[in-house]
Amino acid sequence: RVFVVDNQRISVTQRQSVLDAVELAGAGLGAREIRDELMRERLEASIYITVDTLKKMKKGGRVTAAGAAIGTVLNIKPVLQIQGEKLDAFAKARTTNQGKSIMISAIKKDIENRFGGMTEDKHIWLEIAHTANEEAAEAYKNEILEQVPGYDIHVDPLSLSVACHIGPGALAFACCKKIEV
């Protein structure tokens, strides 16, 4: 039997759901139990994304032409948020560095307020995703580790389903709660 899991995850958090499913199967859970566990934990993740340009978002209809023009003139780097199935505006940054700082602060706040705080057992997975920006993603990983030491941070290209809407040069910082086996 096949059980479909639509747990509202995408990109690096969806990757982690697959790894969680493999771990749960290794612990002896059946397909239905794995689906139920992944669905129970579906909203226990956050992704924050900063984009380099508003061009692709304008083409995709996520930003109006006027909004994109104003954003480009003012050099605004929006920070977007994905929690569940929604992609929403979260903050506006004037520089890429400011956008990256906003994302770190947001993830730290989510860990503290939604996921029980920073603990010795490192019960949170941290992940970075990028679009055609691997060098910047690795540098960002080092910046994050200075502020949130002791975590393993996985780095991957953003999934094409997201990348096609936000364009090259984007960076994302994500976290999701570890499933207890």
Side-chain angles (χ1 to χ4, degrees), residues 6-17 41-118 123-133 136-148 151 153-177:
D6 181 7
N7 66 346
Q8 302 175 336
R9 300 273 181 104
I10 191 165
S11 188
V12 290
T13 58
Q14 185 176 39
R15 172 195 167 274
Q16 189 56 54
S17 287
E41 297 289 330
R42 72 184 178 276
L43 299 178
E44 301 296 331
S46 294
I47 302 175
Y48 296 91
I49 306 167
T50 186
V51 298
D52 192 44
T53 176
L54 295 171
K55 183 178 172 183
K56 290 283 186 187
M57 293 183 73
K58 181 185 102 181
K59 278 186 170 184
R62 298 208 180 262
V63 174
T64 65
I70 291 169
T72 300
V73 168
L74 296 176
N75 197 31
I76 292 176
K77 309 282 187 198
V79 177
L80 309 172
Q81 175 185 46
I82 301 173
Q83 288 186 350
E85 60 189 12
K86 293 182 183 178
L87 172 67
D88 291 318
F90 178 74
K92 294 176 185 152
R94 295 299 299 256
T95 65
T96 299
N97 284 337
Q98 185 181 31
K100 292 187 307 186
S101 288
I102 289 169
M103 292 190 302
I104 292 171
S105 294
I107 290 288
K108 287 168 76 174
K109 185 176 179 183
D110 283 351
I111 290 170
E112 193 61 40
N113 296 331
R114 292 180 56 211
F115 304 126
M118 303 246 180
H123 65 288
I124 301 293
W125 297 111
L126 296 180
E127 298 134 336
I128 297 171
H130 63 91
T131 52
N133 209 4
E138 288 295 332
Y140 189 39
K141 176 181 175 178
N142 293 330
E143 290 176 43
I144 293 167
L145 286 171
E146 288 177 13
Q147 294 187 43
V148 188
Y151 282 85
I153 301 176
H154 180 79
V155 179
D156 253 341
L158 263 170
S159 60
L160 294 177
S161 60
V162 176
C164 68
H165 293 288
I166 60 177
L171 279 174
F173 186 25
C175 70
C176 53
K177 189 175 176 183

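Because the structure is predicted, anything quoted here is derived from the model rather than measured.
- Distance check, rounded to the nearest 0.5 Å: CD of Glu127 to CD1 of Ile107 gives 9.0 Å.
- By the side-chain hydrogen bond (donor to acceptor under 3.5 Å, both in side chains) test, Ser11 pairs with no residue at all, sequence neighbours left out.
- Every residue two or more places apart in sequence or in another chain that forms a side-chain hydrogen bond (donor to acceptor under 3.5 Å, both in side chains) with Ser46 is listed here: Gln83, Asp110, Arg114.
- Put simply, the side chain of Asn133 gets close to the backbone of Gly169: a donor and an acceptor are under 3.5 Å apart.
- Counting only residues at least two apart or on different chains, no salt bridge (Lys or Arg N to Asp or Glu O under 4.0 Å) pair has a member in residues 165-174.
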Could you walk me through whether Ile153 and Ile144 pass the side-chain contact (heavy atoms from CB on, under 4.5 Å) check? CA-CA 9 Å; Ile153 301 176; Ile144 293 167; 3.5 Å; yes

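- Within the 3.5 Å criterion, the main-chain N or O of Lys108 finds no donor-acceptor partner in the side chain of Glu112.
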Val155 and His130: side-chain contact (heavy atoms from CB on, under 4.5 Å), yes or no, with the steps? CA-CA 8 Å; Val155 179; His130 63 91; 4.0 Å; yes

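- With hydrogens and angles ignored, the 3.5 Å screen pairs a side-chain donor or acceptor of Thr131 with a backbone N or O of Ala170.
- Checked against side chain to side chain contact (heavy atoms under 4.5 Å, CB included), Lys109 has the following partners two or more places apart in sequence or in another chain: Asn113.
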Let me see the working for Leu80 and Asp88 under side-chain contact (heavy atoms from CB on, under 4.5 Å), right down to the final yes or no. CA-CA 6 Å; Leu80 309 172; Asp88 291 318; over 6 Å; no

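- Scanning both residues, Lys77 and Thr95, for their nearest heavy atoms gives CG-C, 3.9 Å.
- Atom NE2 of residue His123 and atom SG of residue Cys175 lie 9.0 Å apart, to the nearest 0.5 angstrom.
- Rounding to the nearest 0.5 Å places CG of Asn7 at 4.0 Å from OG of Ser17.
- The nearest pair of heavy atoms linking Val12 to Ala129 is CG1-CB, 4.0 Å.
- Heavy atoms only, all atoms of each residue included: Gln8 and Leu43 are closest at OE1-CD2, 3.1 Å.
- Partners of Arg15 by salt bridge (Lys or Arg N to Asp or Glu O under 4.0 Å), not counting sequence neighbours, listed by chain and number: Asp156.
- Every pair passing salt bridge (Lys or Arg N to Asp or Glu O under 4.0 Å) that includes a residue from residues 137-146 is listed here, sequence neighbours excluded: Lys100-Glu143.
- Closest approach of Gly99 to Ala93, counting heavy atoms only: N-CB, 3.4 Å.
- Residue pairs meeting the ring-ring contact (aromatic ring centres under 6.0 Å, His included) criterion with at least one member in residues 99-118: none, sequence neighbours excluded.
- With sequence neighbours excluded, the residues that form a side-chain hydrogen bond (donor to acceptor under 3.5 Å, both in side chains) with Gln16 are Asp20.
- Atom CG of Asn97 is separated from atom OG1 of Thr50 by 10.0 Å, given to the nearest 0.5 angstrom.
- The side chain to side chain contact (heavy atoms under 4.5 Å, CB included) test applied to Ala45 returns Arg9, Thr13, Cys176, not counting sequence neighbours.
- The stretch residues 77-100 participates, sequence neighbours left out, in these ring-ring contact (aromatic ring centres under 6.0 Å, His included) pairs: Tyr48-Phe90.
- Partners of Ala91 by side chain to side chain contact (heavy atoms under 4.5 Å, CB included), not counting sequence neighbours, listed by chain and number: Val79, Ile102.
- Atom CZ of Phe173 and atom CD1 of Ile49 lie 13.5 Å apart (nearest 0.5 Å).
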